[in-house]
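FYI, the numbering just counts along the sequence from 1. Keep in mind that the numbers below use all heavy atoms, side chains included, and drop hydrogens, waters and symmetry copies.
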Amino acid sequence: MRRYTVSTAVTLCAVASLAAAMGPASAFPAAAPPAAHAVQQQSAPPVLVDCLWKPQVHPGDFMLACGDGNSRLASLRWSHWGADSAQATGTNLVNDCDPYCAAGTFHSYTVTVRLDDPKPWAKNPKMQQFTRMSLVYTDGRPDGFRQTMTYPLWS
């Protein structure tokens, strides 16, 4: 009986100490005001969604041809990542698929990458994602490509 009384007293003292340390419940706001919450959501930068549906900010590499891997961006250096756009320089590695893709050769092309047109991401509508990418080839480009190529990004 004495053991039960002592353990109960110790437990009650611990609970009382914890409650005193936390203070009254009214001292803590139940939730952030709606306006503060909205500003916080909008301040998160848009993301670039990769082939595995993972959101990225400032990726160093990015796969363009998810199905076969025959075009990717490498060595990306981001000079800007904002609410409306992002810009980087890097290398576009493109397979010439000659005589066919499995036997083709990858060639490197210097590019400026521009992301824009942020919209809510279908997988997580609270998050914005860039939905368009433009590649500007600054020193040579793959056969059949224009100097500026613009692509819609998956959502």
Side-chain angles (χ1 to χ4, degrees), residues 14-15 17-19 21-155:
V15 170
S17 296
L18 182 60
M22 290 182 63
S26 63
F28 297 99
H37 186 64
V39 169
Q40 188 176 30
Q41 281 183 348
Q42 292 175 356
S43 67
V47 296
L48 179 61
V49 178
D50 69 12
C51 293
L52 301 174
W53 298 99
K54 302 263 190 262
Q56 298 183 25
V57 176
H58 301 106
D61 297 302
F62 186 78
M63 185 67 62
L64 292 170
C66 292
D68 58 16
N70 284 319
S71 180
R72 71 181 178 97
L73 299 172
S75 304
L76 295 173
R77 292 173 304 284
W78 296 95
S79 58
H80 169 72
W81 195 288
D84 296 321
S85 65
Q87 184 167 320
T89 57
T91 303
N92 185 200
L93 301 167
V94 181
N95 189 347
D96 63 15
C97 292
D98 185 25
Y100 52 92
C101 291
T105 302
F106 280 87
H107 300 275
S108 299
Y109 303 94
T110 304
V111 290
T112 297
V113 179
R114 293 187 181 131
L115 305 174
D116 63 9
D117 198 23
K119 291 191 167 91
W121 182 23
K123 185 175 177 182
N124 182 354
K126 293 179 182 178
M127 187 178 288
Q128 295 280 309
Q129 78 164 114
F130 289 114
T131 62
R132 185 171 47 208
M133 176 184 289
S134 297
L135 302 179
V136 179
Y137 292 91
T138 58
D139 186 24
R141 59 185 182 259
D143 290 339
F145 282 49
R146 295 180 311 277
Q147 183 167 1
T148 300
M149 299 292 293
T150 300
Y151 306 99
L153 295 169
W154 44 89
S155 58

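Contact check for Asp50 versus Met63: no side-chain heavy atoms found under the 4.5 Å cut-off. At a threshold of 4.5 Å between non-hydrogen side-chain atoms, the residues His80 and Ser85 count as touching. At a threshold of 4.5 Å between non-hydrogen side-chain atoms, the residues Leu73 and Met133 count as touching. The side-chain heavy atoms of Val57 and Trp78, taken from C-beta on, include no pair separated by under 4.5 Å. Within the 4.5 Å cutoff, no side-chain heavy atoms of Asn95 are placed close to those of Asp68. In this structure, the side chains of Thr89 and Val111 stay at 4.5 Å or more apart for every pair of heavy atoms. By the 4.5 Å heavy-atom criterion applied to side chains, Val49 and Phe130 are not counted as neighbours. Taking the side chain as every heavy atom from C-beta outward, Leu153 and Leu115 approach each other to under 4.5 Å.
Looking only at atom types and distance, the side chain of Asp98 has no donor-acceptor partner in the side chain of Thr105 under 3.5 Å away.
More than 12 heavy atoms of other residues, nucleotides or ligands sit less than 6.0 Å from atom CG of Asn124.
Taking CD of Gln129 as the start and CG of Asp117 as the end, the distance is 9.5 Å to the nearest 0.5 Å. Cys101 SG to Phe106 CZ: the interatomic distance, rounded to the nearest 0.5 Å, is 8.5 Å. To the nearest 0.5 Å, atoms OG1 (Thr131) and CG (Asp116) are separated by 7.0 Å. The distance from atom CG of Leu48 to atom CD of Gln56, rounded to the nearest 0.5 Å, is 6.0 Å. Here CG of Leu93 is found 7.5 Å from OG of Ser75. Values are rounded to the nearest 0.5 Å.
The minimum heavy-atom distance linking Gly104 with Asp96 is given by the pair CA-OD1, 3.5 Å. Scanning both residues, Phe145 and Arg141, for their nearest heavy atoms gives O-NE, 2.8 Å. Scanning both residues, Asp61 and Ala74, for their nearest heavy atoms gives OD1-CA, 3.0 Å. When every heavy atom of Pro118 is checked against every heavy atom of Pro46, the shortest pair comes out as CB-CG, 3.9 Å. Listed here is the closest heavy atom pair of Val94 and Pro142: CG2-CG, 4.0 Å.
Side chain of Trp81 to main chain of Val47: no donor-acceptor pair is present (N/O by atom type, distance under 3.5 Å, no hydrogens or angles).
Between Phe62 and Trp154, the ring planes are parallel. Angles under 30° get that label, and only those over 60° would be called perpendicular. A tilted orientation is assigned to the rings of Tyr109 and His107, their planes being inclined by 30° to 60°.
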